[in-house]
Every structure is written in structure tokens, then in C-alpha cells.
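Take a look at the structure below.
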Amino acid sequence: MAERMLQFVRLSQQTPEKRAVPVRREDFAEIYRKFDPARAAEQASRCSQCGVPFCSVHCPLSNNIPDWLKLTAEGRLEEAYEVSSATNNFPEICGRICPQDRLCEGNCVIEKGFESVTIGAVERYITDTAFASGWVKPNAPKHERPQSVGIIGAGPAGLAAADMLRARGYQVHVYDRYDRVGGLLIYGIPGFKLEKEIVLRRWKLLEEGGVQFHLGQGIGEGLDFAELRAKHDAMLIATGVYKARQIGGPGAGLPGIVPALDYLTVSNRTGLGDTVPAFTDGSMDAAGKRVVVIGGGDTAMDCVRTAVRQGAISVQCLYRRDQANMPGSMREVKNAQEEGVEFVWLSAPEAFLGDTTVTGVKVMKMRLGMPDASGRASVEPSDEHMTVPADLVIKALGFDPEDLPGLWGVPGLDVSRWGTLKVDHRTQMTALPGVFAAGDIVRGASLVVWAVKDGRDAALKMHEYMQASAMAVAAE
Ligand SMILES: Cc1cc2nc3c(=O)[nH]c(=O)nc-3n(C[C@H](O)[C@H](O)[C@H](O)COP(=O)(O)OP(=O)(O)OC[C@H]3O[C@@H](n4cnc5c(N)ncnc54)[C@H](O)[C@@H]3O)c2cc1C
Ligand code: SF4
């Protein structure tokens, strides 16, 4: 091993090459090129094979990272794929969009002075190679079980659970109000971070494995929760969080001020070939407009970069804290800056200007105060004000859970004071027997990798529950 690994002392960190800015600004294709085999093996060989791998400890899925890095360095890619896919249902997706700087790579112990191993890029490379080589097979079961499960939500949490339960032989039915599978992977996250083909490929594979999708089926929007519950032996709620946080102040209702997810969904649908009136009538198309995005998270970054690609004249991002205190991934901020986005730090909107449509945002400049309970610097208003011209304002202030008990007419579904579903953390079961929950609807807005982890855990707990129920029936 010593010969092949520990090459960080000799080889410097190299991330996959990015496409040139003028080219990538013109389309929605991913900005990172793929590693070639030699580069992937070289970069994997930089791993120091620590006894206690902090990268794995800080990966929500506890991926066996040093093992698959070593196998990649040795050119044993099929085995690398087996190890990598044993703990992650969608490694090629996490490899692309996890904020690795905060997770695995941020905790690589060779980082000091040598820069971390490019774990995410190698993870993506392994699974992309596995798909290209035909090694990825549907997770079809060896034995069928009669029990059926109903999963509400075809986002990463629901899909990971569906994959795991189907592999155990359950009859898996996934219900979603969207017409495509993937949740935020398909309609939220833009193609320049995650090409749609990657998500569609997983959808096809799950179907080939026997997962049955019921699309365009909103629970509480025509489909009744109680009826579904009566039909299945166990249920999983994995509906994510979709209530956009609002912004107040004079002029906040003016036309031309749009919610971020509506804007991204329209763009993603258009990219998938749908004809979307809000795009064709120009109301959600940034072409030729001065665009202002309000917010500092991943959603805001996706909006500014989408606006660039749609041909905006200018794109500004208003954020009330400074760069060091932004919640979004630093990698995405850098990508946005390279693509020409201007960040206006320490700026909070106080009013929107315009008569029939928005023409500008009145901004109050902020200053940083003492850290708050979360450790992030608090902000307080200064007495400085300015006006930023705008033809399209996109609000990206975060999401809260919808009122599921109210919307679905199920008062027994307990929620926390934030509106997220309450589960027993040992069983992942909600207050309703046999009804489990996973992903953002339990955690609040989070990450894809956590949704996958929750979906996997919930699948195991649902399996245990259904086994116990079957045994109880047999004993009667
Ligand atoms: C714009 C944006 C960019 C992001 N970028 C990243 C990133 O780069 N990296 C990262 O790790 N995370 C990112 N995230 C967060 C990540 O997408 C989420 O944490 C993750 O998708 C949550 O998975 P989930 O399965 O819980 O929910 P979702 O992905 O939201 O899926 C929930 C599904 O449930 C369906 N549903 C909801 N209500 C109903 C109902 N009543 N009936 C039927 N179906 C219903 C929805 O249609 C949806 O398909 C981003 C989020 C956003 C909004
Ligand atoms: S799943 Fe995410 S955190 Fe875990 S190894 Fe992959 S990129 Fe890193």
C-alpha cells in the first residue's frame, strides 16, 4: 500500500477542470469536467489511509472513503463501486452536490498545508464509470414479500427508502405531486450542478427494479392520506419543505418579485423540454433584465447563476451578512463570482420601488454585531441606505414545512414548533403507528446526503416494524 498511497507529499490537489467561464455561462451543462482514469487514480492515491478516517466520520453516510480511494488508486474500479454503493444509494449525486468543504473533505487530516483529497470528485468518477461500464444494476429483490409500503415524496429521502425496501422484496409505491421523479434534484437544483440525465437515469433504474411510481398525485390535493394508509402495511412521509419564507415591506407585492423555487422550477422544466407559460411570457425569464436575488444560501446561488445563463444584463445578490457568514457553499459563491455575479454584502431590503412592476430595491446597509447563539455574527441596521435598480427580484430566503396535519386532515400527525414532523428518533415513526418520516420534513431544509441517510434509516425501521407486525399476526 505504502507505494501506491500517501502520495499527497508528492502530488498536489487537483480538482476536475472547470469549463471556461464564457462557455459555461451560455448553457446549463455541469461546469466540472470528468476526471480521466489516470487523474482519478492519482488523486485517490493522495489519501493517507488514516487509522481513524475523519472524512468517514464527517460523511453523514459514514462512507468507507479510504477503502474506495485505495481501490481507485489500484485501478480496481468495479470493487470501488461496490464499496461506495454499499453505503450510498446515489454516490454520483452526492459526489456532485455535497458541500464537501463542510463534510468529508473539510475533515481530511492531510489538509493542513497539503490540501484535502478530492473525495467528492473521485466518488462521482467511480459511479459514472460504473454506469458507463454496465456495472450498475437495478436493486431487484431475490424474493418477493407480500407487504406493501406507500412512500409520499420522490425526493432523495423517499427514493433512498424505496431502493432499500424494494431490495428487501417489499411492494413499493411512491406517490408524488410532481410529474417527474427526483424532488428538488429534478426541479430545484439546476443542471450546471447536477445534469438532469443523472436523475432520470436513477428514476429508470428504480422502475426497472420494480418500484411503482404514482406521479401527479398530491396527498391532500385529491389523494386522501387515510385511504393510502389503509392500503399499505407501512407509510413513509418524505415530502420535503416547500413553504417559502416571505419578505415584507412597502412594494413587496409588486409584479416582478418572484419566489426562488418557482423561478428555478420554471427554468428546470424549460430545460427538460416543457413549455412553461411563465417562461414564454417572460415573467420568469431573466433575459435582458437587471436581476436582484435576495438571500445567501444555496438556493440564492442557484438563482443568480441561472439568471446569468438566461442572459440577464446584470445579476446582484443582496445578503444581510458578509461573505464569511454566508450559509451557502463557498465553492458555489466562488463559481458565481467567476460567472460575473456581484455580491452586495451587509445589505437588507427595506422596500421595493415601482408602480406597475418592480423597478428597484431600497436597501438598508447593515453592520455585524456580536455572534448569536448559533455562533454566527448577528447583524444590526446602520443608518446608510441605497437603491439598487431591478427588473426582476428573486426572493431566496429559505423554506419552512407546510402544515401537513391541516392540509391532509390528519390532526394526529404531531409536529414540532417549527412545523417539522415529530418522529421517535429510535424508530423514525411519527405519532401515527406504522407511519414513518424522513428527510427535510423532519430535519427542516437540509442536504441531499442527509435525506439519503434518513431514507436508508427509515427503510430499516420500516422493515423491522413490518416484520414485527407479521410475527404478531402469525402468533394470533
Ligand atoms: C434550490 C436548492 C438547491 C439546493 N442545493 C443543494 C446542494 O447543492 N446540495 C445539497 O446537498 N442540498 C441542496 N439542497 C437541499 C436538498 O435539495 C434537500 O435537502 C433535499 O432534496 C431534501 O430531500 P427530501 O427527499 O427530504 O425532499 P425533496 O427533495 O423536497 O422531495 C420531496 C418530494 O415530495 C413531494 N411532495 C411534497 N408534498 C407532497 C404531497 N402533499 N403529495 C405528494 N408529494 C408531495 C415533492 O413534490 C417532492 O418531489 C438544495 C435545495 C434547494 C431548494
Ligand atoms: S456522500 Fe458527501 S460527505 Fe459523504 S463522502 Fe460523498 S461527498 Fe463526501
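Both counts, for ligands and for their atoms, begin at 1 and track the order of listing. Quick caveat: nothing in here was measured; it's all calculated off a predicted structure.
Between E402 and ligand 1, no N or O atom pair is found at a separation short of 3.5 Å. Residue A157 has at least one nitrogen or oxygen atom sitting less than 3.5 Å from a nitrogen or oxygen atom of ligand 1, judged on distance alone. Taking only nitrogen or oxygen atoms, main chain and side chain alike, I441 does not reach within less than 3.5 Å of ligand 1. The N/O atoms of T299, backbone and side chain alike, include none that comes under 3.5 Å of an N/O atom in ligand 1.
Closest heavy-atom approach to atom 37 (C) of ligand 1 within the set T265, D179, T239: this belongs to T239. Proximity annotation for atom 19 (O) of ligand 1: of D440, D454, V241, D440 comes nearest, heavy atoms only. In the candidate list G153, G240, C98, A161, G240 is nearest to atom 27 (O) of ligand 1, counting heavy atoms. Taking each of V448, L184, V452 in turn, the one with a heavy atom nearest to atom 11 (O) of ligand 1 proves to be V448. Evaluated by nearest non-hydrogen atom to atom 3 (C) of ligand 1, the leading choice among D302, D298, I237 is D302. When I97, I189, V174 are ranked by how near their heavy atoms come to atom 13 (C) of ligand 1, first place goes to I189.
The environment of K18 atom NZ is dense: over 12 non-hydrogen atoms of other residues, nucleotides or ligands sit within 6.0 angstrom. Around the CZ atom of F54, the shell of radius 6.0 Å holds no more than 12 heavy atoms that belong to other residues, nucleotides or ligands. Residue-environment remark: CZ (R202) exceeds the threshold of 12 foreign heavy atoms within 6.0 Å. At most 12 non-hydrogen atoms from other residues, nucleotides or ligands lie less than 6.0 angstrom from CZ of R426.
Under the 4.0 angstrom criterion for non-hydrogen atoms, M301 is not in contact with ligand 1. Contact analysis puts F399 in contact with ligand 1, with a non-hydrogen atom separation below 4.0 angstrom. Within the structure, the closest approach of G220 to ligand 1 does not fall below 4.0 Å when heavy atoms are considered.
Atom numbering of ligand 1 starts at 1 in the shown order; those under 4.0 Å from a heavy atom of G439 are 26 (O). Numbered from 1 in the order shown, with element, the atoms of ligand 1 that lie under 4.0 Å from a heavy atom of A238 read 32 (C), 33 (C), 34 (O). Those atoms of ligand 1 with a heavy atom of G183 less than 4.0 angstrom away are 29 (O), 31 (O), 48 (C), 49 (O). Taking every non-hydrogen atom of G218 and a distance limit under 4.0 Å, the qualifying atoms of ligand 1 come out as 42 (N), 43 (C).
Note on K204 versus E208: salt bridge recorded, some NZ/NE/NH1/NH2 to OD/OE distance being below 4.0 Å. In summary, E42 and R39 engage in a salt bridge, as defined by a charged side-chain N under 4.0 Å from a carboxylate O. A salt bridge links E221 to R177: at least one charged side-chain nitrogen sits closer than 4.0 Å to a carboxylate oxygen. The pair K461-D424 fails the salt-bridge criterion, with no side-chain N (NZ, NE, NH1 or NH2) lying under 4.0 Å from an Asp/Glu carboxylate O. Look at D302 and K193 and you find a salt bridge, because one of the NZ, NE, NH1 or NH2 atoms lies within 4.0 Å of a carboxylate O, short of that distance. Ion pairing between E339 and R309 holds under the 4.0 Å rule for side-chain N and carboxylate O. Using a 4.0 Å cut-off between charged nitrogen and carboxylate oxygen, D454 and R443 count as a salt-bridge pair.
Annotation: atom 38 (N) of ligand 1 to nearest protein heavy atom, R177 CZ, 3.3 Å. Counting protein heavy atoms only, atom 23 (O) of ligand 1 is closest to P156 CG, 3.3 Å. Counting only heavy atoms of the protein, atom 40 (C) of ligand 1 lies nearest to I219 N, 3.7 Å. Of the protein's non-hydrogen atoms, S446 O, 3.2 Å is the one closest to atom 15 (C) of ligand 1. At the shortest separation from atom 31 (O) of ligand 1 among protein heavy atoms lies G155 CA, 3.3 Å. From the protein, the heavy atom lying nearest to atom 35 (C) of ligand 1 is D176 OD2, 3.3 Å.
Geometrically, R269 engages Y187 in a cation-pi contact, judged by NZ or CZ lying under 6.0 Å from the ring centre and within 45° of the ring axis. Cation-pi geometry between R24 and F192 is not met at under 6.0 angstrom from the ring centre and within 45 degrees of the axis.
The aromatic rings of H214 and H173 sit parallel, their planes meeting at an angle under 30°, below the 60° perpendicular limit.
Aromatic ring centroids of Y319 and F343 lie 6.0 Å or more apart. Under the 6.0 Å cut-off for aromatic ring centres, F213 and Y175 do not qualify, their centroids lying 6.0 Å or more apart.
With a 4.0 Å heavy-atom cut-off, ligand 1 is reached by the side chain of K193 but not by its N, CA, C or O. Heavy atoms of L264 found under 4.0 angstrom from ligand 1 belong exclusively to the side chain. Under 4.0 Å from ligand 1, the heavy atoms of Y242 that appear belong solely to its side chain. At a 4.0 Å heavy-atom cut-off, ligand 1 touches I152 through the side chain alone.
Only protein N, O or S atoms were considered, and those under 2.8 Å from atom 2 (Fe) of ligand 2 are C98 SG.
K289 meets the salt bridge (Lys or Arg N to Asp or Glu O under 4.0 Å) test with no other residue; sequence neighbours excluded.
When all heavy atoms of I257 and A252 are compared, the closest pair comes out as CD1-O, 3.7 Å.
Within the 4.5 Å cutoff, the side chain of F35 has heavy atoms near those of the T118 side chain.
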